[in-house]
Protein chains: 2
Amino acid sequence: MARIKDVAVRAGVSVATVSRVLNASPSVSEETRNRVYTAMTELNYVPNAVARSLRTEATRTLGLIIGDILNPFFAELARAVEDTARKAGYTVVIGNADERAEEQDHYVRTLIEQRVDGLLICPTAEVTPLVEQAAATGDPLVFIDRVLPGMDVPSVRVDGTDAIGELVGHLKTLGHRRVALISGPLRLSTGRERTDAFVKAAAEHGMELRPEYIQSGDFQLASGRALTARLLDLPEPPEVIFGGDNLMTLGALDEIRARGLRIPEDVALASFDDVPWFPHMNPPITAISQPVAELGARAVRVILDRLHGRPAGSVVLPAVLVPRQSCGEGRNVS
Amino acid sequence: MARIKDVAVRAGVSVATVSRVLNASPSVSEETRNRVYTAMTELNYVPNAVARSLRTEATRTLGLIIGDILNPFFAELARAVEDTARKAGYTVVIGNADERAEEQDHYVRTLIEQRVDGLLICPTAEVTPLVEQAAATGDPLVFIDRVLPGMDVPSVRVDGTDAIGELVGHLKTLGHRRVALISGPLRLSTGRERTDAFVKAAAEHGMELRPEYIQSGDFQLASGRALTARLLDLPEPPEVIFGGDNLMTLGALDEIRARGLRIPEDVALASFDDVPWFPHMNPPITAISQPVAELGARAVRVILDRLHGRPAGSVVLPAVLVPRQSCGEGRNVS
DNA sequence: CCCTCCCGTGTAATCGATTACATGAGGGTA
DNA sequence: TACCCTCATGTAATCGATTACACGGGAGGG
């Protein structure tokens, strides 16, 4: 593969001049520039980003560590991050942590070895020593979606509290009283926040939220199904089940269908986290939609701010309720 | 950030020895090795992969260019590629081509600049000069999912012909005669193959496949919806619509619902490409499922074979029919 | 005519690792 | 004792770019 030196020889100039052409430096004469361009095409020259990065100490690359790319929420997030980064001239390397601290650490390590310019992390529950150290070292980190307590790292996240309040109001209007929640681990900021907001809203609206109606799992489909089974097995099952994310909601749906129950007549269903196919379900699923694309875009902007020495604060975005039919005769909005 | 030289000084050895420890060379004494390890942890040393790659001319990185990460098919593919590559000690950089040749070329260029060891591409319809040149130069390429005619590049793909034949048989058994297809662009190998297989199977089973029942779009939701509208507007609309991928099927579903038609009574629906939520639709969607995880894993193996100088042939995997209820009283398999 | 300044270009150090080759200590053998 | 071999380690070149600094020539001013 042709190197800058080959181009230089062919164009009859020095490597410095070729480099200047590569970097669009103004101090190269028109004529020389053309000679260099010609030599480059003739040789099929492709600059070596590895060598450039070594010298410049910048890779123009961002690392993104997410929980699970199969989860549409993360897929959309990855897409938004990638789009925004690309427009700013950055490449994104995605790491799939599979919601495991160990995998997350693997990627943190690898990406730091690769000298990414910044690291966007959807952290797992645990604060691992490696992440702690990276933060302490001053590596440019930003947390997305989830927050780790007691760490001085800027974060970009969604606050669903208001939307959950709205949802509970909606449920009350529809005549429901016994409401249940199946959510993620309380150690995850998102799991805790959604639970707290639901409990608070239920209290405010005078709903009947018994202790056994609050179940926490791991944001995965199987746990959604298992917890739903537990709820439906209660002597007095809830009238509504609220899934803490789209996968737990899908698990709930599986269990409800397996028992031949009707939605919303036998049990109503709502979801935190909207996905493109919820409107097409039978019945369409009422959901709380997060501004995922915005989340990703803002996260990139925060990290770029940090990289360019601009002040970088945290960002909190609101979620919105999208009422459909899975909780009863709501407005028919898709 | 600490460099190998700092570690060497602190451990009282030369950089060569530190490097040997890093690369687990056996010719370092136990005692020295320990001193080096200690120095590394004390300095929080993280090896610089950029420098290493420059010297070794290998990045242990693979590039993957896909059509659209929001499409569950590609998300699953990305996941499989990443998993398999990771197990072999490789990192994967994903590029989102958004089904546009221009974006695809951007990533081909960028990833070659970054000197990825191999490139996995789901090519867009056009054979761009850049891709052609990369293939000619002997860059390690592998095509996934789609094939470009007349290029000497190994490919890993799914052949749905048999499954489509099975589907048409299934439709016939259920009493359908007028069958229609909404598929992707014929210039895409997948679009053409699915269309050809459908036409052939329909003929073999004596189905009524009128020319106007064959529509081709762009594998996106909007085009699925528009083509479905066109089919339903025909004086004699088809009894069955077969979507060429999951997005076109979803578009079809939108249009069918918008018109208040029932599935399968008014019009039956089937899909090439199964996704996790099809079983949860109302009614559950009959689909042809591709071995996506296998597809990704095999593609990685093919490229690694090439990298290691082993012979690397193309791979064709079979798809399978998963009958559900959207075409009528089929077996109830989820 | 000479001095300065600027413009375009070249020389060479540098980034942080890997690795071929050199070196020196120690042990075994004749 | 002399020789050779092995083992552990060090020296220095190298990968392909960037860039500070040097330099030569031409223009412009006095």
Side-chain angles (χ1 to χ4, degrees), chain A residues 1-40 43-61 89 91 109-117, chain B residues 1-40 43-61 89 91 109-117:
Chain A
M1 196 159 258
R3 303 149 311 162
I4 199 172
K5 197 196 278 190
D6 304 319
V7 175
V9 169
R10 177 152 202 133
V13 297
S14 73
V15 293
T17 299
V18 177
S19 175
R20 279 188 272 257
V21 171
L22 277 177
N23 294 282
S25 153
S27 65
V28 178
S29 74
E30 182 74 21
E31 194 233 321
T32 309
R33 190 192 320 276
N34 287 334
R35 273 219 315 287
V36 172
Y37 278 138
T38 309
M40 282 182 182
L43 293 170
N44 279 333
Y45 173 71
V46 180
N48 185 325
V50 174
R52 171 183 295 145
S53 293
L54 177 59
R55 181 60 232 243
T56 60
E57 323 221 80
T59 50
R60 296 200 76 78
T61 292
T91 302
R109 197 186 326 273
T110 305
L111 293 170
I112 292 181
E113 282 189 6
Q114 310 218 8
R115 297 299 193 262
V116 292
D117 294 339
Chain B
M1 196 159 254
R3 303 149 311 166
I4 200 172
K5 197 197 278 191
D6 304 319
V7 176
V9 170
R10 177 150 201 136
V13 297
S14 74
V15 292
T17 300
V18 177
S19 176
R20 280 188 271 257
V21 171
L22 276 177
N23 294 283
S25 151
S27 64
V28 178
S29 75
E30 181 75 21
E31 195 231 324
T32 310
R33 189 192 321 277
N34 287 334
R35 274 219 315 287
V36 171
Y37 278 139
T38 310
M40 283 182 182
L43 293 171
N44 280 332
Y45 173 72
V46 180
N48 186 327
V50 174
R52 170 182 297 146
S53 293
L54 177 60
R55 182 59 234 242
T56 60
E57 322 220 80
T59 51
R60 296 199 76 78
T61 292
T91 303
R109 198 186 325 274
T110 306
L111 293 171
I112 293 181
E113 282 189 8
Q114 309 217 10
R115 297 300 194 261
V116 293
D117 293 339

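Computed from a predicted model, the values in this text were never measured in an experiment. Values reported hereafter were calculated over all heavy atoms of this structure, with side chains retained and with hydrogens, waters and symmetry mates removed. In what follows, chains carry the letters A, B, and so on, assigned in the order in which the sequence lines appear, proteins first and then strands, with residues in each chain numbered from 1.
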First encountered from the 5' end of DNA chain D, between A:Ala51 and A:Ala16: A:Ala51
Nucleotide nearest B:Asn48 (side chain, heavy atoms from C-beta), chosen from C:dG16, D:dC15, D:dT11: C:dG16
Nucleotide nearest B:Arg3 (side chain, heavy atoms from C-beta), chosen from D:dC15, C:dA17, C:dA13: C:dA17
Test item: [X] side-chain N/O and [Y] main-chain N/O as donor-acceptor pair under 3.5 Å:
{"X": "A:Ser19", "Y": "A:Val15", "result": "no"}
{"X": "B:Arg60", "Y": "B:Gly89", "result": "yes"}
{"X": "B:Arg20", "Y": "B:Ser27", "result": "no"}
{"X": "B:Asp6", "Y": "B:Arg3", "result": "yes"}
{"X": "A:Arg10", "Y": "A:Ala39", "result": "no"}

Stretch residues 17-36 of chain B: residues that reach within less than 4.0 Å of DNA chain C through a heavy atom: B:Ser19, B:Leu22, B:Asn23
Length of the line joining [X]:[atom1] and [N]:[atom2], which is rounded to integer Å:
{"X": "B:Lys5", "N": "D:dG10", "atom1": "NZ", "atom2": "P", "result": "15 Å"}
{"X": "A:Arg55", "N": "C:dT14", "atom1": "CZ", "atom2": "P", "result": "9 Å"}
{"X": "B:Leu54", "N": "D:dA13", "atom1": "CG", "atom2": "C1'", "result": "13 Å"}
{"X": "A:Glu113", "N": "C:dG16", "atom1": "CD", "atom2": "P", "result": "15 Å"}
{"X": "B:Asp6", "N": "C:dG16", "atom1": "CG", "atom2": "P", "result": "9 Å"}
{"X": "A:Ile4", "N": "C:dT11", "atom1": "CD1", "atom2": "P", "result": "14 Å"}
{"X": "B:Gln114", "N": "D:dA17", "atom1": "CD", "atom2": "C1'", "result": "15 Å"}

salt_bridge(B:Arg35, B:Glu31) N-O dist < 4.0 Å: yes
Sugar-phosphate only, base, or nothing, as touched by B:Val13 at under 4.0 Å among non-hydrogen atoms: sugar-phosphate
Sequence-distant partners of B:Glu30, salt bridge (Lys or Arg N to Asp or Glu O under 4.0 Å), two or more places apart: none
Donor-acceptor pair present, B:Arg52 side chain and C:dT18 base, under 3.5 Å: no
